[in-house]
Every structure is written in structure tokens, then in C-alpha cells.
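Residue numbers count from 1 along this sequence.
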Amino acid sequence: MKLKSKILMPTLMLGALTLGCLTGCGETDNRTKVVFWTNIWDPADEPTGEDTMMKNIIAAFEEKYPDIHIIYEQSGQYGTINETITKNLSNINNLPSMAVCYPDYVVNYLESGKVLKMDKFMESTEYGFGHDANNEGAAESDTVASDLNTKFLEEGQQYTLKGTYSLPWYKNSEALFYNYDVLSTQLKGSEFETNFEEKLTNWEGIIEIARYLKTKSFDTTWSTWVGGDDGGYEILPHHVYWKGETIPTDGSAPSNYATPISYDSIDNLFITFAEMMDVPYTAGDTNEDGTVTKDEAILFYDPTTGAAEKTVQMIKMLKGWYDEGLITTSEMLDSKGDGSYGCWNEYTYYQNSFIYVNGSKNAWYGSYNTFRGKVLPTPTIDDGMLKETPVVDNKNAHSKAMSQGANIVFFDKGDEVNEAAWLFYKFLTNTQNSSTVALQMTSMPVRSSSYSTAEFKEATAEKDNFPATLGDKNQEVNYNYLQANVYDIYQQYDKNKQTFVAPVSQFSSSARSAIEKMMISVFKYEAKDDADLTTKIEEELEAAYNQVA
């Protein structure tokens, strides 16, 4: 593909040419067309700044590369895009040039031979990372490869086919939100009064605080819907009822008993603790032979030797916390079993949970008009935890945050389109645009340099502006404070290399589902004694292994 130099003309003239002549004068549009399927929300359904952001980035790209046209299509959420791609893998003409994906989706695309390997584009001295295609490959400082988050990049390189088959776009992870007003009030006069926020940085301290809270009898407020279809939320007082107490059925309190800690996803709970405590979960192509067998991929259970002791011990620890009424998850709260808004409701609307681990992308979860919330990085495991799990190897004893969010997969549409798609990806993830996307999506930039942009520094400027009191504007002020601190936490994750990725294989999706089912079953089980619980966990781990396909 012979790239033309940038056409120097006023932006308005370029816009008039594009919209007027190319589409309205009967002339042929000879630009190279790149079709991009995204999960950006349709503004007709829910107006957002995401759509405007994308259109602005595309306009700037097309000004730099006037012989390329980006056809940006809002194609639904991850699952919908995956289903559409899967149905059309047999016909390259029905596939886009590039599409948003989860990295493990790509495993199922590779057998079609339609997925584009990106290494030659990344390494090109003419137009690769760090080289300006419009200037004969001259240095391009805002796209250098060394600036990319290596963990994010590695996620698209874990497939059985060697090379890079998806690239990171925007990422997020988890964080710990907490109800500052309840904790600061209820811990007053206790050993935790002056150090509870430090205690919240590790799981040993969190469990100590949770146990203390359960000794307290106190009231708080909750929001409940009143007035039928035309009603609204009313803030009412309610008493906090702990596990074992009787919750009144007269509507004076939320229907669930209170739990000090809520962890939004039960499978994330298992996977993150496993990563921190060096408990085996899954693996990729460890033999590097181009295939991944089930026994190679699934590490949480061995069909020959059974469950590893440290896996059983870790599950016992988490189960023990649940049985004590210290922790819950959305799956355990939701009667439908899909975790719909379970922990979010308990933490925000009902003030029935006070320490909440959730995806940090959703900073607004932690801000509500009945209390002031704060946020911290995901807690660490320290040596104190070994008192409860003496067989666990503690070599990874520090905070770990699971990498989540969007990658982009490319399909082989011919040399000209392939190169154009690559140039757009490189532009989309340069220092400035990675910062812009991250701030709009409340996500992590894929480049370390993006944290130094003026707009990113401005976004973190409110990180010390904690609202002094509750008030009419508390939610907005608290949200801005939380969002600024989430961005600051992202920067810590990037600097300290705290993010991790779960290995990708054809078994990774079903492994996660099997772990979720196993954990729910174990949490619900009423064991007679420790031996009975051990047997139950081993049986459930075996069943989870058999479920993986």
C-alpha cells in the first residue's frame, strides 16, 4: 500500500469534500476502507461521550491518512460481537477488518485461518511501533513498543499459534471501595479507630475489621422505591441485621442480612486469591508444542492425584469467611443465580455492606447520596494470612489486580486493508489517544506515557478533594473524588506491575464457569465437620474439572 502524504487543506474543506462529493456527487470513493466493530454504546439508546470521542479520533486519523476511511460500527456488547463473528468465520467477506474482543474469544477464531498475525506490522521499520508511516519510518515517540504495558500485550500472545493475534485497547481491573461514614463512625473507640484505612490495604486487616463490625448493633439508612410507577427513591432509616438475626418482613429493612464485605464476582474471588497465594488455576501452552490439552490447561484439579492440598485450604479459608457472615458475592445474593446487581445494591442502595471489591471502571458504584465512599487498590495478602492457611506458598504475597477489558482482533482482508487497519490501531493507542480513551471509559491506558498527559493529570487533580460533609451535591463531588483516585490507582498498578492476566486457551472460558459453579456449591454447603468439608471441596473440584470442555 502506497501511503500518500497528508493533504494540507483546511479541515472544513476536507469535511466538505468527504461529506459532499465523496458520498453525494456520484464520484467513486477510492479510499482504503477499514471496518471496525466496537462495543461503544449507541447514542440513540444512551447518549454518552464515547461515540463523540471515537468520531473525533477517526476524524483526526483520516486527516493524517486521507487515503484511508474508517467505517466505525456500533455492533453490540462483547457477547453479541463474538456471536456475530463466530457465525461468519467461514466467509471473510462477512467479517470486519478489526473488532473488539475478549482475548479468549480469539482462541475460537484461530482455526478458521482468518485471524491476522500482527507481529510483522508491529516490528516494521517503515510503519511499525515507533515509526511514522507518513515520514519514511522516522521516529514516532508516542507509539514506541517499550511504552506499552507488557502484561496487556502478552495477553494477546498466549495462543497455541505463536505470535500476536490480538492487541490491547482499553483495560480495567478491580479496586476496593468502602463506606467511609459507616466505618469511621462504628470503629470509633475501637483499636481500629485511627488505623482502619491502613488495615483495609490487606486481607488480614479487613477480616479483623469485619469481625469487629459484627459485634456492633447500629442503624444506617437505605433507599427504597415508593409510589409505584410514578414514584421515586425514598431514604429511610434501617437497622443492620447480621447473619443469624431475624430480619423483619414489614419492609423496614433490606431483605438480606448485612455482610461487612462484598466481592462482586465469586469466580474473580477465587482466581485473584489463587494468583496471590500461588494456588494453581489454569495454564496455556506450557509445552510449547502448538496445542493445549485439558490436563495441560486445568491445574486446579489433577485427575490422577486429585485436588492439591493448598487449593483445598484456600477454598476452606474463603468458605469459612462466608460461613461467619463476613463476606458474600453477587452470586450468593441473587436468587436467579446470575449475580444481577447483588453486591452493588447491598453496598449503595441498602448500606448493608460496607467494604466492596468490584471492577474499578465503575467508580460511580462507590458514590451514593446517603454516604461518602473512598477507594483503595486491591488488598494484599500478608504473612498473617498464613496462620489460617499454613500450607500455602506465600511467594506472591502482594496485591494482585486482574486485567480485564477490551482487546482488538484483526482479520486478514488483504495487504492494503491490513496495513490500514494496523495504522489506525497504532493511532488509536498512541500516548494521547490512549489517555483520551481511558478517561472516557474510566479505564487503564495501554501506555505508561499516557499517565503523564495534561488531561490525565487534570483527571487526578480531585483525588484529595474528599467531601467534608454529606450534602445535596455529595454524590457528584464524591464521584469526582473516587474517579480521580481510581485513575491514581491505575497508575500505581502500571508502575508496580500489579495487574495479571488469566492464561488463555480453548478451556479458559469454561474453566471460569466451572469455578463459579464449584464455589457457589461449596459456599452453600452445610458441612458436618472439617473432614466432611474437605470431601465436599474435593468432589466439587473434580466435578468442575469434568465440566470443563
Side-chain angles (χ1 to χ4, degrees), residues 172-188 192-193 195-203 205-206 209-210 213 216 218-224 233 235-238 240 254 256 258-265 326-330 333 341-379 399 401 442-443 459-490 492-493:
N172 58 77
S173 190
E174 293 179 322
L176 182 142
F177 297 89
Y178 60 101
N179 186 321
Y180 176 82
D181 289 321
V182 164
L183 294 185
S184 61
T185 300
Q186 298 308 319
L187 298 177
K188 190 169 291 185
F192 309 110
E193 179 177 358
N195 69 346
F196 75 89
E197 290 179 284
E198 180 182 349
K199 285 280 188 180
L200 292 174
T201 62
N202 72 79
W203 277 102
I206 291 170
I209 288 172
L213 277 178
K216 303 280 287 181
F218 61 92
D219 295 329
T220 183
T221 59
W222 68 314
S223 299
T224 185
Y233 284 102
I235 299 173
L236 300 171
H238 84 88
V240 170
N256 292 314
T259 313
I261 311 161
S262 52
Y263 205 113
D264 202 61
S265 164
L326 304 178
I327 191 169
T328 192
T329 72
S330 291
L333 286 167
Y341 303 108
C343 287
W344 172 35
N345 284 343
E346 295 299 302
Y347 179 76
T348 55
Y349 288 111
Y350 302 146
Q351 284 200 83
N352 226 15
S353 185
F354 313 106
I355 302 166
Y356 180 31
V357 180
N358 182 40
S360 48
K361 181 180 188 296
N362 301 304
W364 58 279
Y365 282 0
S367 62
Y368 206 61
N369 59 357
T370 54
F371 66 89
R372 294 172 299 166
K374 288 189 174 184
V375 62
L376 290 167
T378 52
S399 171
T442 320
S443 61
T460 58
E462 297 293 314
K463 70 185 183 70
D464 297 320
N465 188 25
F466 183 62
T469 60
L470 283 171
D472 291 341
K473 293 186 177 181
N474 173 68
Q475 188 172 10
E476 180 181 351
V477 174
N478 201 185
Y479 171 76
N480 292 337
Y481 164 83
L482 286 167
Q483 189 177 48
N485 277 275
V486 163
Y487 291 138
D488 191 58
I489 287 168
Y490 285 159
Q492 292 178 51
Y493 287 168

- line: Rounded to the nearest 0.5 Å, the NE2 atom of H238 sits from the CZ atom of F218 at a distance of 8.5 Å
task: Anything under 30° is parallel, anything over 60° is perpendicular, the rest tilted; go ahead and classify Y178 against F196.
output: perpendicular
message: Please find the pair of heavy atoms, one from P254 and one from Y350, that lie closest to each other, and give the distance.
response: CG-CB, 3.6 Å
message: Among N179, I261, L176, D264, which residue satisfies the side-chain contact (heavy atoms from CB on, under 4.5 Å) criterion with Y356?
response: D264
query: Got a second to check how far L213's CG is from L187's CG, nearest 0.5 Å?
result: 5.5 Å
- prompt: With a 4.5 Å limit on heavy-atom distance, are the side chains of T201 and P379 in contact?
  reply: no
query: Who pairs with F192 by ring pair (Phe, Tyr, Trp, His ring centres under 6.0 Å), at least two apart in sequence or on another chain?
result: Y212
Straight-line distance of E174 CD to N358 CG, nearest 0.5 Å: 7.0 Å
message: Looking at every heavy atom in both S262 and S353, which two are closest together, and how far apart are they?
response: OG-OG, 3.1 Å
- request: Evaluate the side-chain proximity of Y490 to N172: yes if any heavy-atom separation is below 4.5 Å, no if none is.
  value: yes
field: Shortest non-hydrogen separation from R372 to N478 and the atoms involved
entry: CA-OD1, 3.3 Å
task: Could you give me the CA-CA distance, side-chain angles and deciding distance for T442 and Y487, then say whether side chain to side chain contact (heavy atoms under 4.5 Å, CB included) is met?
output: CA-CA 8 Å; T442 320; Y487 291 138; 4.0 Å; yes
task: Mind checking the CH2-CG spacing from W344 to L333? Nearest 0.5 Å is all I need.
output: 14.5 Å
statement: Of all heavy-atom pairs linking V182 and F354, the shortest is CG1-CD2, 3.6 Å
- line: Interatomic distance, CG@N465 vs CG@N480, rounded to 0.5 Å, equals 8.0 Å
message: Please give me the minimum heavy-atom distance between I489 and L376, naming the atom from each residue.
response: CD1-C, 3.5 Å
- prompt: For F466, what residues pass the ring pair (Phe, Tyr, Trp, His ring centres under 6.0 Å) criterion, not counting sequence neighbours?
  reply: Y180, Y481
With Y263 via ring pair (Phe, Tyr, Trp, His ring centres under 6.0 Å) - residues at least two apart: none
query: Does atom CD of E198 have more than 12 heavy-atom neighbours from other groups under 6.0 Å away?
result: no
field: Student check: side-chain heavy atoms of L183 and L200 closer than 4.5 Å
entry: yes
field: Q492 side chain near P377 side chain, heavy-atom distance below 4.5 Å
entry: yes
task: Report yes or no: do T328 and T259 form a side-chain donor-acceptor pair below 3.5 Å?
output: no
- prompt: For the atom pair CG (N485) and CD (E462), what is the distance rounded to the nearest 0.5 Å?
  reply: 10.5 Å
message: Using the rule side chain to side chain donor-acceptor pair (under 3.5 Å), only one of D181, T221, D219 pairs with Q351; which is it?
response: T221
- request: Assess whether side chain to side chain contact (heavy atoms under 4.5 Å, CB included) is satisfied between S173 and T378, documenting all intermediate values.
  value: CA-CA 9 Å; S173 190; T378 52; 5.5 Å; no
task: Can you see which heavy atom on A258 is nearest to which on V240, and at what distance?
output: CB-CG1, 3.4 Å
